[in-house]
Number of protein chains: 2
Amino acid sequence: MEEHSVNRAKSEPKNGSMQATVIAEMRRRIIKGDIEPGAPLSELALADEFGVSRTPVREALKQLQTEGLVEIRPRVGTFVTIPSRREITELFEMKELIEGAAARLLAQRGRVPEIDLIERNLREADEAVERDDRERYAELVQEFHDLLIAGADNSKLEAHYRMLMNQLAYSRLVNTSLSQPGRATQSDREHHLVLELILAKDGDSAEQVMREHVRASRRALLASLPISGGQGKFGTASS
Amino acid sequence: MEEHSVNRAKSEPKNGSMQATVIAEMRRRIIKGDIEPGAPLSELALADEFGVSRTPVREALKQLQTEGLVEIRPRVGTFVTIPSRREITELFEMKELIEGAAARLLAQRGRVPEIDLIERNLREADEAVERDDRERYAELVQEFHDLLIAGADNSKLEAHYRMLMNQLAYSRLVNTSLSQPGRATQSDREHHLVLELILAKDGDSAEQVMREHVRASRRALLASLPISGGQGKFGTASS
DNA sequence: GGCCCCGCACTGGCATACAAGAAGCAGTAA
DNA sequence: TTACTGCTTCTTGTATGCCAGTGCGGGGCC
């Protein structure tokens, strides 16, 4: 079944390398949550699905392992990693750190193109909040944070940030945290405050407020998370 | 030629996996500077040297690529990455960020075992500075920073830190920066100050001072770096 | 009925063979 | 002399086959 997947994969071997295609697609699936944490990934099955041999699949999984998205247990199997509750806390600590730094750096840079994009983003976000369009607002939140990182103009920072977000499967989570009543409104306000401080070139305060914002978003998220059993996986999936 | 390398590799397949051995060994060589930046790494040659086939070598290089230590140009070859001057700056920005955060976290944790180790480390460092033992002091500096990170008790932070340090080939550089006259003394003083603030549980100040310390060490390093041509590689190696 | 042991099926690890692109070099023509 | 063209020889990318360790289930033994 699902042979269209094969076709789609073959039709866009973007850079010509099959493993790049496999990596991108598998990463997308894991982050988006198409595959639930802990699920086994058979090299053979994937090779079959993508219409390639095991080799590129193996190398793709290997890379996803170093990115922290899957765990390869030798001679046993490859599984989507299940972040423990502790790891989630750690990841958020890093998120707070990096985004805070990004706000500071952006403030120091002065008026750069990203600032304009952020302003536009916030205008749209205001409208989305106004009409209670939670889905659109979630997108804009993600974009806001991405713009902030991009505006920091530090490729290493961006790389580490991407890796963190992938491990957090963040896109899956934003919606959840916004389900808290009033969270969207507060989040939007916090974004505005951060931008103000950046425009005022007050790097210290921008960093501080941004950190607080991340902490708030974490609290909102953990509050709306189903208290999964002792092990601390995300949840028992929806299906 | 060099069959002893083969033997050594075979004699310690620590976790049983060959690629793990290759990864560790190649990482060591790159960081230590045995291979100069920009040098080509032939899969075949390495496979031959380690006495394995290309497969595990390929997977090892793939991982080193995601760690940022080598660059794989498709159909062309694999090369030790040459960090640009800009990248070095970015890496130091990240180092400042992460070590600052570690100091803050450690201050918040109160008296943990790592604190004792740091105190012991500083006592030894004082002695090393006293007798002008630059080599020993360099080791202790590295240990100080490692202890700080360990004391933060955040595995993600530690993982990202390790990755940064590998890319910076830091161990190669510490000695260089300490060649600045008076740098060792000042560095030691800064370490003491950071510890004081940590003991006083003043996370904010500890972070701030730690950041300043990293900036100072960066300045000392860049000042003593040979101004390598326009491209910004580390230098033309020593040998 | 319950427990243990052996074997089968599946996993990833590794070796090897083939394919295909990239780069340098030589030869030739202008 | 110089520039271009074609080839030769590298490189990595992919496919495939075999091997060894793991886990599970069936069958035998107690």
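Everything quoted here is computed from the prediction, not taken from an experiment. Proteins get letters first, then strands, A, B, ... in listed order; numbering begins at 1 in each. We use all heavy atoms of the structure for the numbers below, so side chains are in, but hydrogens, waters and symmetry mates are not.
No more than 12 heavy atoms of other residues, nucleotides or ligands lie within 6.0 Å of CZ in Arg120(B), so this atom counts as exposed by the packing criterion.
Looking at residues 56-63 of chain A, you'll see Pro56(A) sit with a heavy atom under 4.0 Å from some atom of DNA chain D.
With hydrogens and angles ignored, the 3.5 Å screen pairs no side-chain donor or acceptor of Thr81(B) with any backbone N or O of Glu71(B). Not a single donor-acceptor pair under 3.5 Å links the side chain of Asn166(A) to the backbone N or O of Leu69(A).
Between Ile72(A) atom CD1 and dG21(D) atom P the separation is 19 Å, expressed in whole Å. As a whole-Å value, the separation of Glu43(B) CD from dA17(C) P is 17 Å. Across the protein-nucleic acid pair, Glu71(B) atom CD and dT12(D) atom C1' stand 14 Å apart, rounded to whole Å. Counting to the nearest Å, the P atom of dA19(C) and the CE atom of Met18(A) are 19 Å from each other. The CG-C1' distance, from Leu44(B) to dT12(D), rounds to 11 Å in whole Å. Remark: P of dA15(C) and CD of Gln19(B) are 11 Å apart, rounded to the nearest angstrom. As rounded to whole Å, 18 Å separates atom P of dC10(D) from atom CG of Leu41(B). As a whole-Å value, the separation of Leu46(B) CG from dT11(D) C1' is 13 Å.
Residues satisfying the ring-ring contact (aromatic ring centres under 6.0 Å, His included) test with His145(B), not counting sequence neighbours, are His191(B), His213(B).
We find the OG1-CG distance between Thr66(B) and Leu61(B) to be 11.5 Å, quoted to the nearest 0.5 Å. To the nearest 0.5 Å, atoms OG (Ser217(A)) and CD (Glu99(A)) are separated by 7.5 Å. With values rounded to the nearest 0.5 angstrom, Leu164(B) atom CG is found 6.5 Å from Gln167(B) atom CD.
At dT14(D), none of the side-chain N or O atoms of Thr55(A) fall inside 4.0 Å of OP1 or OP2 (strictly under the cut-off). For dT12(D), the OP1/OP2 oxygens have a side-chain nitrogen or oxygen of Thr78(B) closer than 4.0 Å.
Here dT16(D) is the nucleotide among dT16(D), dT11(C), dT12(D) with the atom lying nearest to any side-chain atom of Ser53(A).
Residue side chain Arg54(B) reaches the base of dG13(D) through a donor-acceptor N/O pair under 3.5 Å, judged by distance alone. One can find a donor-acceptor pair under 3.5 Å joining the base of dT12(D) and the side-chain atoms of Arg75(B).
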